[in-house]
Amino acid sequence: MSVEESTEQAVEEPKYTPAQIKAATTKEAVLKALLDQVDKAYKDARADVQAMLDEQQRTTGGTKFEATLPDGTKVGDVRLSGGEKAAKITDEQAFVEWAHKTFPSEAITKLVRPVPARLDKGVQPRFVTLLLEQMTAAGVAQVHDAESGELFDVPGVEIKPSRARTHSVNFTRATKVKRAGRDLVADAWRSGILAPIVLPALAPPPPAATAAAAPQADESEAAA
């Protein structure tokens, strides 16, 4: 490398000024802090709404509720969806023993040879699936034998929640005379009428609370 080339590389100007870098890193740090707080505030708000809707549905039967701006403008609706229940094996030994006695043609018995040898009992997987589907559809831990006509209580099986109750927020769609619900929320935010509702939820915890919880050894928080 010549002396001229070395000199040219040494005096090359940085692409970004310190002020530009400072502005960019500050913007990211602020947005990161706000994003974390928004995420927490949203989860807290969603949990509150779920509890309210569950209680309202229990007392009134309602499952659909309007979402409006402070001035009464509708921006969407919130719909409650019921949880689901399914038959689940809670005591495998009791279930297998019952299946062996009640439906011996579907029983599986294997000899396991490690010392001491033992007999390992099971049930045909396809038959287990069929029984669980029948009990899920019936909503009770009982199965009906089509051949004998008997109704059996099934030990070791319970009807348990398989999916929790939840709710969804559905924004109104845009029409020729009305903006979409999301756009109306954005307009309301820019106008400032949502500040009394949203800003308190986004406020960081008081300094006293954060100071007590923060580790003394760390001076900064790593953000991914």
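Computed from a predicted model, the values in this text were never measured in an experiment.
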[X] versus [Y]: any side-chain heavy-atom pair under 4.5 Å?
X: Lys64; Y: Val78; result: no
X: Leu69; Y: Val75; result: yes
X: Lys15; Y: Gln20; result: no
X: Arg79; Y: Thr63; result: no
X: Asp91; Y: Pro155; result: no
X: Phe95; Y: Leu131; result: yes
X: His100; Y: Ile108; result: no

Query - Partner residues of Glu92 under the salt bridge (Lys or Arg N to Asp or Glu O under 4.0 Å) criterion, sequence neighbours left out - result: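 None.
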
Query raised in the report: Can you list the residues that meet the salt bridge (Lys or Arg N to Asp or Glu O under 4.0 Å) rule with Lys121, with sequence neighbours excluded?
Result: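 Expected list: Glu97.
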
Query - Verdict with supporting geometry, Arg165 and Gln57, side-chain contact (heavy atoms from CB on, under 4.5 Å) - result: CA-CA 11 Å; Arg165 291 164 63 88; Gln57 196 276 333; 3.6 Å; yes

Query - All pairs passing side chain to side chain donor-acceptor pair (under 3.5 Å) where residues 38-53 contributes a residue, at least two apart - result: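 Listed by first then second residue: Asp39-Lys43, Lys40-Asp44, Arg46-Thr166, Arg46-His167, Gln50-Asp54, Gln50-His167.
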
State whether the side chain of [X] and the backbone N or O of [Y] hold a donor-acceptor pair below 3.5 Å, judged by distance alone.
X: Thr59; Y: Gln56; value: yes
X: Thr172; Y: Gly181; value: yes
X: Glu55; Y: Met52; value: no
X: Thr102; Y: Ala99; value: no

Report task. List the steps, then state whether side-chain contact (heavy atoms from CB on, under 4.5 Å) holds for Val128 with Ile89. Result -> CA-CA 10 Å; Val128 173; Ile89 297 175; 3.9 Å; yes

Report task. Test Lys178 against Leu184 for side-chain contact (heavy atoms from CB on, under 4.5 Å), laying out the working first. Result -> CA-CA 9 Å; Lys178 190 175 182 180; Leu184 292 173; 3.9 Å; yes

Which heavy atom of [X] sits nearest to which heavy atom of [Y], and what is that distance?
X: Ala141; Y: Val157; result: CB-O, 3.5 Å
X: Lys22; Y: Thr25; result: O-OG1, 3.1 Å
X: Leu53; Y: Leu80; result: O-CD2, 3.6 Å
X: Thr136; Y: Lys85; result: CG2-O, 3.7 Å
X: Arg179; Y: Asp187; result: NE-OD2, 2.8 Å
X: Gly139; Y: Ile159; result: O-CG1, 3.6 Å

When hydrophobic residues are tied together by side-chain contacts of less than 4.5 Å, even through go-betweens, does [X] share a cluster with [Y]?
X: Val185; Y: Trp189; value: yes
X: Val38; Y: Val198; value: yes
X: Leu199; Y: Ile193; value: yes
X: Val143; Y: Val140; value: no

Report task. Can you tell me which residue pairs pass the ring pair (Phe, Tyr, Trp, His ring centres under 6.0 Å) test with a partner in residues 46-71, sequence neighbours excluded? Result -> none

Requested in this report: Enumerate the residue pairs fulfilling ring pair (Phe, Tyr, Trp, His ring centres under 6.0 Å) with a member in residues 119-146, sequence neighbours excluded, ordered by first and then second residue.
Outcome: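 Applying ring pair (Phe, Tyr, Trp, His ring centres under 6.0 Å) to every pair that reaches into residues 119-146, excluding sequence neighbours, yields Phe103-Phe127.
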
Query raised in the report: Has Gln124 got more than 12 heavy atoms of other residues, nucleotides or ligands less than 6.0 Å from its CD?
Result: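 Enclosed: over 12 neighbouring heavy atoms sit under 6.0 Å from CD of Gln124.
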
Query raised in the report: For Arg182, does the CZ atom sit with more than 12 other heavy atoms under 6.0 Å from it, leaving out its own atoms?
Result: no

Report summary line: To the nearest 0.5 Å, atom CG of Leu111 lies from atom OG1 of Thr109 at 10.0 Å

Requested in this report: To the nearest 0.5 angstrom, please state how far the CG atom of Leu194 sits from the CZ atom of Arg190.
Outcome: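 Here the rounded value is 11.0 Å.
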
Report task. Scan for salt bridge (Lys or Arg N to Asp or Glu O under 4.0 Å) pairs involving residues 100-111, sequence neighbours excluded, and state none if there are none. Result ->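 The answer is Glu106-Arg126.
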
